[in-house]
Each structure stands twice: as C-alpha cells, then as structure tokens.
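First the structure, in the form of structure tokens, and then the observations on it.
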Amino acid sequence: MTWRSGSYTGWGRALVADGPMARPERLSALHKVAGQAPAIGNRRSYADACLNDDGSVIDMTRLDRIIDFDPNAGTVTVEAGVTLGDLTTLLAPRGWMPAVLPGTGHATVGGAIAMDVHGKNHVSVGSFGQQVRSLTVLRNGQSEVETAGSDEFRASVGGLGQTGIITQATLSLAPCPGTGVRVRERRMDSFDEHIAQLEASTSPFVVGWIDATATGDATGRGIMEEAELVDRTPPPDKKAKSVPFDAPHAALSGPVVRAFNAAYLRRVPAMGRTRIRSIDDFFFPLDRIANWNRLYGKRGFHQFQCVVPTAEADALKDMLEFIGTSGLASPLVVLKKLGEGRGGMMSFPMEGYTLAVDFPARAKAADVIKRLNQMTADVGGRVYLAKDAFLEPDQVASMYPDHAAWAKIAAKSDPEGALMTALVRRLKLREVA
Amino acid sequence: MQQTWLILGATSSMARAFIRKLAHQGDGIILAGRDTDDMAATARDARVRGARLAEVMRFDARDADTFAPLIDRMAREEGTLNAAVFVGSMPPQSDLDAAPDGIDGVIRDSFTGPSHVLHLLAAELEQRGSGTIVGVGSVAGDRGRVGNYVYGAAKAGFHTYLSGLRNRLTRAGGHVVTVKPGFVDTAMTWDVEGMFLVAPPEKVADDILRAVEKRKNIIYTPGFWRLIMTIIRLVPEPIFKKLSI
C-alpha cells in the first residue's frame with residue numbers, strides 16, 4: 001500500500017515524470033519510506049523541481065496538521081503538508097496570517113520553504129524562509145531541529161528538498177486586522193512608468209500586471225496594484241470555477257490573448273480605482289479557477305521568471321520587446337520589485353525587479369526562454385529554479401553564488417544522493433565545481 | 001446541546017477529515033485508535049481548529065480490554081454522546097487465500113470489535129435519550145466479489161448490525177447512520193489498480209455530516225454509488241458468479 005506507479009507533473013504540465021509515488025498519512029508511514037526519495041508537496045512548482053523520473057517521490061500533502069498556534073506570540077507550528085490557503089483561512093479571522101504568501105494558496109508550507117517563495121510584499125518583509133523560526137528535518141532516520149541562522153537551516157531553506165525531508169516548521173505570523181484588502185489599481189502606460197511607480201510606491205503589497213502583447217512605445221504597459229490589509233469586510237467571494245478539461249490549442253493563441261489583455265487593461269478606469277477585496281481574492285487570484293493550468297491545453301506551459309539588479313531594469317524592457325515580437329505571449333505576466341531578503345543559500349530573491357511570464361509549451365517556447373535566460377545571465381540576474389526548465393548547469397553557478405557551500409551541506413545530509421530530483425540532476429546542482 | 005464524539009479508528013484519513021469538521025463546530029472529540037503518536041498530532045490540530053476537547057485514547061479492535069475505558073471516558077461528558085466508526089482492515093484477498101487465519105482478524109477489525117464498543121455505548125445513549133452513531137461500512141458489503149469477499153462479508157455483517165442497532169436506538173431517541181463509501185482516496189486504495197471515481201476524504205466527511213444533521217439512515221458516498229450498487233445487486237446470481245468486477 002506504499003508506492004503507486006504512474007505519471008505526474010508539476011503545475012506547468014509540460015514536463016512529465018514516470019515513477020513510484022508514496023503518500024504517507026502518518027509520521028510512522030513516512031519514517032518507513034524516508035531516505036528513499038525526495039519529498040514533494042502540492043506540485044505547484046512549474047517544471048521538474050517536483051519530479052523524479054529516475055526514482056520515486058514522497059507526497060507530503062496528507063501530513064497537514066496544525067500542531068500549535070500561539071495567538072499571543074503570533075507563531076504557528078505546522079506539519080509540512082499544510083497549505084498556505086488552509087492556514088490563511090483558519091488564522092485570518094483570529095487576527096493573524098502567514099507573513100509571506102505566494103500567488104497560490106495551494107502551495108504547502110514544506111514546498112514554500114524548500115523554494116523560499118516570496119510574495120507581493122518582499123521589499124518590506126523578505127522571503128517566506130525569513131519568517132521561519134525553526135524546522136524539523138528528517139534525515140538519515142533522525143529528526144533534527146534546525147533553527148534560523150544556522151548553516152544547516154540556510155541550506156534547507158530554498159534547498160530544493162536536498163537536505164532531508166522537512167516535516168514540521170514554526171512560522172512567525174503577521175498581524176491581520178480583518179479579512180479585507182484595500183486594493184488601488186492604476187493603469188501604467190509604459191515600462192518606464194511602471195518601474196517608476198513600483199519604485200515610488202510605499203504600500204506594503206505591490207504588484208504589476210503587464211500586457212506582454214504590447215510592443216514599441218506601449219511595451220511594459222499594464223496595471224499596478226498597491227494594497228494594504230484593512231479591517232473591512234470584503235464582498236463575498238464569487239463561487240470558485242473549474243476548468244473541467246484541457247482547452248484546445250486556440251484558447252490562448254495570439255489574437256485571443258491580445259483581445260483579453262486589451263479588455264483586462266480597460267476594466268480599470270483611466271483615473272484608477274480603489275476596491276476592498278478578500279484576502280483570498282487578492283493573494284490567490286487564480287485559485288478561483290481550479291485547474292486553470294488546463295487552459296494551456298494538454299501540452300502544458302512553461303513559466304519564465306527572472307530577477308535582475310535594480311540598475312539593470314532596462315534589461316526587462318528588452319525582454320518584453322523580445323517577448324512581444326515572439327507571438328508567444330500569454331495573459332500572465334507579472335512585474336514586481338524585490339528587496340534583498342533571502343532565507344537560504346539557494347534562494348531566488350535579490351534586490352531588483354522580477355518578471356514572470358507564462359508561455360504555452362510549443363517548440364518555439366524553448367528557444368525564447370533560453371534566450372531570456374541568457375539575457376538574465378548577461379546582466380547578473382537570476383532565474384527562479386521553481387519555474388525553470390531550460391537553464392544550463394554553468395549558468396546556475398554564476399547566478400547562485402552560494403551554490404558550492406550549499407552543495408557541500410547537501411552532500412553531507414544526503415551522501416547517497418537519494419533526495420535528488422530531475423531538476424537537481426539536470427542542472428548538476430549536487431556537483432561541486 | 002453540547003456534543004461529544006467518540007471516533008474509532010481516528011488515524012484513517014476519512015476520520016481525520018470528519019474530525020476537522022467536528023472541530024470547526026466546536027464539538028468535543030475522543031480520538032481512539034492504535035497509533036497514539038499520530039492521533040496526538042490530529043488532536044492538536046482539532047484543538048487549534050476549535051474543538052472544545054480533543055483527547056487521545058488507545059483502542060485496538062482486537063483487544064477487548066481497551067473498550068470499557070472508552071465508554072467510561074465518554075460517560076463523564078455532559079450533553080449528547082455520539083460515535084463514529086472508521087475502523088476496518090482490508091488485506092489483499094490473495095493474502096487471505098494463502099493464510100485463512102487472517103480472516104478472523106478482518107472480521108474483528110471491521111465488524112465484531114467496533115460492534116462490541118457500540119454495544120457498550122448504546123446503553124449510555126438509551127439512558128440519555130439522544131445521540132447519533134455513524135458506522136462506516138462499504139459498498140463491498142453489498143455483494144460478495146472475488147476480489148475482496150472476506151472484507152465484504154465483514155462489512156455486510158457490520159451493516160446488518162447497524163441496521164439492528166438503529167432499530168433499537170430509534171425507540172430511545174437515538175439514531176444510527178450507515179455510511180457506504182465507494183472508492184475513497186486513502187492509504188487503503190493508494191496503490192490499488194483500476195480505481196475510478198475516487199472521492200477525496202473531505203467529500204465523504206461532508207456527506208457524513210449532512211447525513212447526521214438530516215438523520216439519514218443509509219447513505220452512499222459519493223451519492224452515485226447508490227445507483228451503481230443497485231445495478232450490481234440486481235445482476236442475477238447465475239450471471240454475477242461469472243463476472244469479475
């Protein structure tokens with residue numbers, strides 16, 4: 001009853017792995033399989049970070065209990081399989097919420113730590129890993145507690161599951177005055193305006209949406225959202241919808257995306273607007289549509305996400321020009337400012353601007369993304385390993401300066417390499433140059 | 001009125017989903033099962049989620065000494081006492097074919113063990129004139145099939161027991177819900193080939209809670225299994241005996 005064979009994918013569905021998967025429902029069942037395979041969460045990373053086509057994986061989603069909540073100190077201790085959405089739903093009415101939320105509430109705490117995810121408030125609070133006080137990591141048959149600040153901890157946070165299986169974590173929470181978010185939306189007419197406004201904003205939560213079909217002077221146009229938590233009751237959320245089957249190829253073709261983007265842009269009046277939205281609606285907008293990844297059809301999609309240093313913001317403009325002329329743009333393009341906060345050695349964030357773009361998985365997408373990867377490398381930027389499918393091993397070494405130190409700790413934690421994933425093998429992350 | 005639930009087999013994922021819903025309502029919960037470490041984590045989760053009480057007690061369907069303490073503990077709670085049975089074991093039929101001694105264990109886990117506990121609790125419910133018992137059976141108990149007829153026989157026995165208990169408790173103001181799940185996405189079915197229409201445990205828990213509120217007698221969950229099992233039951237035996245479904 002332990003292993004099930006079959007194929008599975010990450011959120012992008014473009015890469016597929018075949019192999020046995022275990023899904024322990026109790027700690028004792030986890031102990032029986034630990035050490036044989038890497039742990040995975042809800043598979044919300046896009047490509048092969050959660051795949052192991054040469055071996056097996058351990059799905060942690062059934063170990064999802066809240067062990068302790070201290071409403072005075074604002075801390076919570078949870079099993080790694082708890083989703084951030086579940087945690088937010090439970091805690092927000094009691095005045096607390098996870099201090100960092102990525103774009104989906106389906107991500108597990110274990111996955112959020114292993115990828116050291118960030119949110120729309122990275123500039124002010126840093127990454128998810130920086131909110132973690134301690135971790136319990138299962139390695140070599142032993143549960144070990146790692147506390148914030150230690151080298152082992154910094155290797156586990158953002159550590160792609162390579163230092164052991166994260167079974168529990170204690171998180172510092174952020175106060176949450178109510179269940180509402182006041183969101184101010186404004187149209188941005190150009191890339192330069194977008195960057196200038198991101199730079200000028202003092203709101204705790206800031207995110208830019210970009211119409212990537214625009215070219216020329218309009219390159220980089222879009223909508224900037226600035227938000228703060230408020231003690232206001234939001235209007236009730238609309239009923240969640242679902243994409244019941246794989247959409248046909250044409251659903252996200254060039255003309256459709258152009259039309260959608262134009263309409264999306266116009267829904268915000270020229271003067272801008274301010275609305276009260278629910279926490280879920282603001283932080284997890286796409287979770288309202290279950291299985292939205294099916295919109296890209298059965299071939300799936302890739303996401304490219306990079307960060308470039310502040311001084312190199314123009315590189316993103318070049319990328320947007322290039323994407324705009326590629327004819328491959330999707331409606332999902334996000335621009336954010338990042339601070340310098342990062343919780344681990346292999347964490348993605350660095351001070352600068354981050355751009356995330358979805359591409360339907362067609363032959364041409366690989367070339368486009370490889371070109372974007374190179375443009376990122378050329379300006380001293382970094383590509384996000386939770387999204388990547390096309391980096392080259394030598395590019396990683398220059399993008400992640402602490403890689404060698406991390407690889408040494410990973411080698412000590414997992415000498416047999418039993419925790420390696422498809423991503424780790426593809427990018428030779430466990431090899432120390 | 002204050003509600004307290006005894007959960008037999010509290011480590012099962014269906015039980016865990018049900019416990020979360022009870023916790024959300026603020027009910028008291030006694031978690032009973034063998035893996036006390038695991039149940040301790042579930043009990044803490046239940047408390048954070050709002051349970052008035054969440055305590056762990058050892059219960060082993062094959063160890064009758066563990067039965068009476070459960071009833072004693074429940075009797076100390078005021079208000080309405082309820083119970084939900086999620087225990088059962090389903091070893092592969094081939095294991096039982098090789099070692100028929102295992103049959104007794106399956107019957108004990110899935111039928112006689114929990115029935116013994118319910119029998120002890122029934123007297124308390126009659127005295128208080130209220131309380132609901134949820135017995136989780138299985139669609140496998142509706143007709144014997146070559147693939148799992150020992151488990152099916154145990155569940156069929158349990159169904160019949162629950163039917164009689166319902167007859168008894170109804171007179172005293174109590175109620176019994178028989179739950180027949182189809183395929184549920186749990187550790188029990190994780191590696192079983194040919195599973196279809198697999199329901200998440202949360203769906204089953206929702207259905208059970210609704211059945212308790214509406215005082216349903218027998219439910220299939222998800223509901224379409226009632227239709228499937230009606231058809232399966234209607235197949236004449238001369239034909240059924242040649243099928244492998």
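Values below: all heavy atoms of this structure, side chains included; hydrogens, waters and symmetry mates excluded. Each chain gets a letter, A, B and so on, in the order the sequences are listed, and its residues count up from 1.
The 12-atom threshold is not exceeded at CZ of B/R34, counting heavy atoms of other residues, nucleotides or ligands nearer than 6.0 Å. Within a 6.0 Å sphere centred on CD of B/E213, heavy atoms belonging to other residues, nucleotides or ligands number more than 12. In B/K203, the NZ atom is crowded: over 12 heavy atoms of neighbouring residues, nucleotides or ligands sit closer than 6.0 Å.
Of the listed residues A/A22, A/G6, A/S5, the one with more heavy-atom pairs under 4.5 angstrom with chain B than any other is A/A22. Note on B/D37, B/T42, B/V192: by heavy-atom pairs under 4.5 Å with chain A, the leading option is B/T42. Ranking B/D185, B/T186, B/T11, B/D35 against chain A, the residue ahead of the rest is B/D185, based on heavy-atom pairs under 4.5 Å. Per-residue counts of heavy-atom pairs under 4.5 Å with chain B were compared for A/L63, A/V78, A/I66; the largest is that of A/I66.
For A/L27, the part sitting under 4.5 Å from any heavy atom of chain B is the backbone (N, CA, C, O) and nothing else. For chain A, no part of B/R47 is nearby; none of its heavy atoms comes within less than 4.5 Å. A/D70 does not touch chain B: none of its heavy atoms, backbone or side chain, sits under 4.5 Å away.
Nearest heavy atom pair, residue B/V48 against residue A/R94, reads O-NH1, 2.6 Å. Nearest heavy-atom pair, B/D45 versus A/D64, reported as atom, atom and distance to 0.1 Å: OD1-O, 4.3 Å.
Residues A/R65 and B/R49 fail the side-chain proximity criterion, which asks for heavy atoms closer than 4.5 Å.
Screening A/E25, A/R23, A/R62 for a side chain to side chain contact (heavy atoms under 4.5 Å, CB included) involving B/W190 leaves a single residue, A/R23.
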